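The next block holds one structure in the form of C-alpha cells; read it before the comments.
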Amino acid sequence: MSVDAVPENLLAWYDAHHRRLPWRAAPGEAPTDPYRVWLSEIMLQQTTVAAVKPYFDRFTTRWPTVTDLARADEGEVMAAWAGLGYYARARNLIACARAVADDHGGRFPDSEAGLRALPGIGDYSAAAIAAIAFGRRAVVVDANVERVASRLFAFDEPLPKARPALRALVDRITPDARAGDFAQAMMDLGSAICTIRAPQCLLCPLRDGCAARIAGNPEDYPVKAAKKAKPQRLGTAFWIEDGARVWLVRRPDKGMLGGMRALPSGPWTDEDPGLADAPVDAPWREAGSVDHVFTHFALRLRVVTAVQALSANDGEWWPIDEIEQAGLPTLFARAAARAIASRV
DNA sequence: CACACGTGGCC
DNA sequence: TGGCCAAGTGT
C-alpha cells in the first residue's frame, strides 16, 4: 500500500467502525455544533473519553450554548470542572467563551488561525476544531496520530523534539476532503487498533503499508525522550470546623489547582512543614495523610483537624454535609474524606 | 524551550 | 504496584 492509499483505506474503515460519541456526528451527518466540538476538545486534552463523558453531559445540559457559558458564574464553572484536572483549562474555557461572545458575535471563528488565537486553543485543538466542526483541511496531530504515524513510517526520532518532522509526515497523508473524519479516524484507530501495547495489526486497515508492522516492532514506536524522576513533596492541610461547617479557601489562579476551592494548606516542599502554616492557633489533631501523585511530583499531604472559631476575609464556611458540592479537586476531596472519617 | 500543570486506568 | 500514559496549552 502506498502513502496515497492511506486516506481511502482509513476512511473506509472509519465508515464501518467509528465510535458513537456524544460530541460527534456520524459520517454523512451534518457537522456537530462548533460549541460542542470545542467543549469536547478542551475536555479531551490529556484526558480519556470515559472521564470526559459525564462532564460533557453536565456542561452541555447546564450551559447549552457558548453564550450561556460566557454569562456563567466563574466559580460555578470551576466547581463543575472539579475532578477533571488541569484546571487552567477551565479558566481558559471561560475566557474563550467570553471572547467568542464578546468579540465574535457568539460564533466560533471558522478558520484554524482564528481558532488558534483564542485562549486554551493550541495547535492541536485549532486544527481539530477547524477540521471537525468546519470541514477545513487541517493537519491534526495528537498522541494517537503520533503513534499511528510513527508506526506507519517507522519514524524513530525521539518526541517531542521531532514533532515538527512527524507533523510533516501526517501532512502527507491528510486528505483535502473529509479532513474531520480523517482526524477522528486516526484517533479511533489509535484507540481501538493501533494501541500502545499489543496493537491489533491483523485488524488494521493500514497494515499493508505500515513500516513498523512489516519490521515486526510496532510497539517500539513512538520513540520518546526519557522522563525525569518525580520528587516527593510534603505538606499539611488544615480542616477547621465549627461543628457543622468547614473553612474553605480559594487557591490563587497561578500554580497547582489554581482557582479551585480547597482546604487551607501551606506550600508543599521537600521538608515536612508540620503545623508551621496553620492559619490559626488550635489544638490540632492528626487525621492521617493522603498520598497523591501529580504530573511532576508526588505529594504526601498530612491532614490535621480542629474545632475552632475563625474569622478571616479570604475564605468561607461550607456545610460539611454538602462537601460534595464544594467542587474540591480530587486531592482535597480525599483530604476532606480523611478528616471526616477521623471525626468523633 | 523545557517545564508546569491532574487524574484515573492499565498491567 | 509503581510507572506509564492520555483528543495539549501556556509560559
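Keep in mind that what you see is a predicted model, and the values were worked out from it rather than measured. Order of the sequence lines fixes the chain letters, A, B, ..., with proteins taken first and strands second; residue numbering starts at 1 for each chain. Keep in mind that the numbers below use all heavy atoms, side chains included, and drop hydrogens, waters and symmetry copies.
- Looking at heavy-atom distances under 4.0 Å, A:M43 makes no contact with the nucleic acid at all.
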Mind listing the N/O atom pairs, protein and nucleotides 8-11 of chain B, below 3.5 Å?
none

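- Across the protein-nucleic acid pair, A:K228 atom NZ and B:dC1 atom C1' stand 13 Å apart, rounded to whole Å.
- Residue A:L331 is in sugar-phosphate contact alone, with no base atom involved, counting any heavy-atom pair closer than 4.0 Å across all strands shown.
- At C:dG8, one or more side-chain N or O atoms of A:Q46 fall inside 4.0 Å of OP1 or OP2 (strictly under the cut-off).
- Relative ring orientation between A:W38 and A:F108 is described as tilted, the plane-to-plane angle lying within the 30° to 60° band.
- We find that NZ of A:K53 is positioned 14 Å from C1' of C:dA7, with the value rounded to whole Å.
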Working for salt bridge (charged side-chain N to carboxylate O under 4.0 Å, His left out), residues A:R334 and A:D291: CA-CA 9 Å; A:R334 294 181 61 204; A:D291 287 302; over 6 Å; no
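- Judged by distance alone, with hydrogens and angles left aside, A:R19 brings a side-chain donor or acceptor within reach of the base of C:dA7, the pair sitting under 3.5 Å.
- With hydrogens and angles left out, the side chain of A:T47 and the base of C:dG8 share no donor-acceptor pair within 3.5 Å.
- Nearest heavy atom pair, residue A:Y87 against residue A:P329, reads OH-CB, 3.5 Å.
- Residue contacts shown for A:P329 are limited to sugar-phosphate atoms, with no base heavy atom under 4.0 Å away.
- Applying the salt bridge (charged side-chain N to carboxylate O under 4.0 Å, His left out) test to pairs two or more places apart or on separate chains, those with a residue in residues 101-118 of chain A are A:D110-A:R136, A:R116-A:D123.
- Here CZ of A:F297 is found 10.0 Å from CD of A:Q232. Values are rounded to the nearest 0.5 Å.
- Side-chain polar atoms of A:D68 and A:T65 form a donor-acceptor pair below 3.5 angstrom.
- Within 4.0 Å of A:W81, counting heavy atoms only, lies no atom of the nucleic acid at all.
- Between A:P199 and A:C204 there is no side-chain heavy-atom pair separated by less than 4.5 Å.
- Phosphate contact (OP1/OP2 of C:dG10, side-chain N/O of A:Y86, threshold under 4.0 Å): absent.
- Counting non-hydrogen atoms under 4.0 angstrom, A:L21 reaches a base of the nucleic acid.
- Here C:dC5 is the nucleotide among C:dA7, C:dC5, B:dT7 with the atom lying nearest to any side-chain atom of A:I196.
- Per the geometry, CG belonging to A:D142 stands 10 Å off P belonging to C:dT9, to the nearest Å.
- Of the candidates A:F59, A:Y35, A:F56, A:W23 forms a ring pair (Phe, Tyr, Trp, His ring centres under 6.0 Å) with just one, namely A:F56.
- In this structure, of C:dC5, B:dG6, C:dA7, it is C:dC5 that holds the atom nearest to the side chain of A:K224.
- Taking atom C1' on both nucleotides, B:dC1 is separated from C:dT11 by 10 Å, rounded to a whole Å.
- In this structure A:W318 satisfies the ring pair (Phe, Tyr, Trp, His ring centres under 6.0 Å) test with no other residue, sequence neighbours excluded.
- Between B:dA2 and C:dA7, the distance separating the two C1' atoms is 23 Å to the nearest Å.
- In this structure, A:S125 reaches the C:dT9 phosphate: one of its side-chain N or O atoms is under 4.0 Å from OP1 or OP2.
- A:G255 comes within contact range of the sugar-phosphate backbone alone, with a heavy-atom separation under 4.0 Å but no base atom that close.
- Atom CZ in A:R147 sits roughly 9 Å away from atom C1' in C:dA6 (whole-Å rounding).
- Rounded to whole Å, atom C1' of B:dC3 lies 14 Å from atom CZ of A:R163.
- If A:V49 and A:N92 are placed on DNA chain C by their nearest nucleotide, the residue sitting closer to the 5' end is A:V49.
- When the nucleotides B:dG6, B:dC5, C:dA6 are ranked by their closest atom to the side chain of A:H296, B:dC5 comes out on top.
- Between A:K227 and C:dC5 there is a side-chain N or O to OP1 or OP2 distance below 4.0 Å.
- Per the geometry, OH belonging to A:Y55 stands 18 Å off P belonging to C:dA7, to the nearest Å.
- Separating the CG atom of A:L44 from the C1' atom of C:dA7 is a distance of 5 Å, rounded to the nearest angstrom.
- Put simply, NZ on A:K254 is 18 Å from P on C:dT9, counting in whole angstrom units.
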